[in-house]
Structure formats: C-alpha cells, structure tokens
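Okay, so here's the structure we're looking at.
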Amino acid sequence: MCIRDRCRRVLSVDDNDYNQMVLGRTLQKLNLEVVKRYNGEEALKLLQNISEAGLSSCGNEDCSIFNLIITDLHMPLMNGLDLIRCVRQQSGFFARVPIILLSASDEKEQVEEGYK
C-alpha cells in the first residue's frame, strides 16, 4: 500500500456547487483529499496534463494520483458518460482507475449506459 499523500485523492466532477460541497465534506471525513472539476472537459484536461507530465503514478503498481473518480452524469461541455469513455480510451494508469457515475436522472437508458 502506498503511503504518499497523493495516493488518497479523489477527483470529483460535478457542475453543481452544492453537490461538490456535500461530496467533498463526506470524502474529507474519510481522510481523502478531493480535487474538484466542474465538467468533463476540465477533468479530462487535468488527467491528460498529469499523464503528459509523467505524474499519473507514484511508482507503486497499485497507486495513482487519483484512487477514484466520481462524476455526475449531466454536465455542460462534456457529460459524465463521455468523460468515462475518454478516460477508458487512454492508455496507462487512468484507464484503470475506478469511476463512480452519479445521477439524479430517472432516464434508465442513460444510467445503464454508465455500466458499459
């Protein structure tokens, strides 16, 4: 298990400030650092910059700068499903990071798309 501080980070992607606050406080109570982005484009740019800089991992096979990505489904510029697709298409570490898709949507087709 990695002991570096950066190994306890969660990337939270949501355009709603209130949702970001609630999720952030909850994760901080679990001693996790939360990095916030407000749409899929911002999140993807951050991940690409980290990968290009060679910082996606601390060197430990089981460690990543982000241990988890939590994303909303509905956001401007790039929604959560498109973000997931882009992250999974990347080679390297972020392609394997667990992603949780959150939604208040009752649109069954969209929610099920997140499982693919």
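- Of all heavy-atom pairs between S12 and V34, the closest is CB-CG1, 3.8 Å.
- Between atom OG of residue S103 and atom CG of residue N79 there is a gap of 10.0 Å, rounded to the nearest 0.5 Å.
- In this structure, the side chains of F66 and V10 stay at 4.5 Å or more apart for every pair of heavy atoms.
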Handout entry: Steps toward side-chain contact (heavy atoms from CB on, under 4.5 Å) verdict (N49, L47)
Key = CA-CA 5 Å; N49 288 343; L47 295 174; over 6 Å; no

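- Taking CG of L32 as the start and CG of L23 as the end, the distance is 10.0 Å to the nearest 0.5 Å.
- Rounding to the nearest 0.5 angstrom, the gap separating the CG atom in N39 from the CG atom in D15 is 8.0 Å.
- Hydrophobic clustering of Ile, Leu, Val, Met, Phe, Trp and Tyr side chains at less than 4.5 Å, counting indirect connections, unites I100 with L27.
- Both L30 and L102 belong to a single network of hydrophobic side chains, linked directly or stepwise wherever heavy atoms of I, L, V, M, F, W or Y lie under 4.5 Å apart.
- Residues satisfying the side chain to side chain donor-acceptor pair (under 3.5 Å) criterion with E41, sequence neighbours excluded, are absent altogether.
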Problem - Steps toward side-chain contact (heavy atoms from CB on, under 4.5 Å) verdict (Y38, D17) - result: CA-CA 8 Å; Y38 291 89; D17 286 327; 3.3 Å; yes

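- Side-chain N or O atoms of Q20 include one that pairs as donor or acceptor with a backbone N or O of D14 at under 3.5 Å.
- Considering T71, L73, L77 in turn, T71 is the only one that fulfils the side chain to side chain contact (heavy atoms under 4.5 Å, CB included) rule with M75.
- Checking R88, M78, R37, E42 one by one against L83, the side chain to side chain contact (heavy atoms under 4.5 Å, CB included) holds for a single residue, M78.
- Both L101 and I69 belong to a common hydrophobic cluster when Ile, Leu, Val, Met, Phe, Trp and Tyr are linked at side-chain heavy-atom distances under 4.5 angstrom.
- L11 is not connected to L68 by any chain of hydrophobic side-chain contacts under 4.5 Å among Ile, Leu, Val, Met, Phe, Trp and Tyr, and they are in different clusters.
- Taking all atoms of both residues into account, the shortest heavy-atom contact from A43 to V13 is CB-CG2, 3.6 Å.
- Identified under the salt bridge (charged side-chain N to carboxylate O under 4.0 Å, His left out) test for residues 70-84, with sequence neighbours left out: D82-R85.
- Contact of the V87 side chain with the V97 side chain is not registered, since no non-hydrogen atoms from C-beta on lie closer than 4.5 Å.
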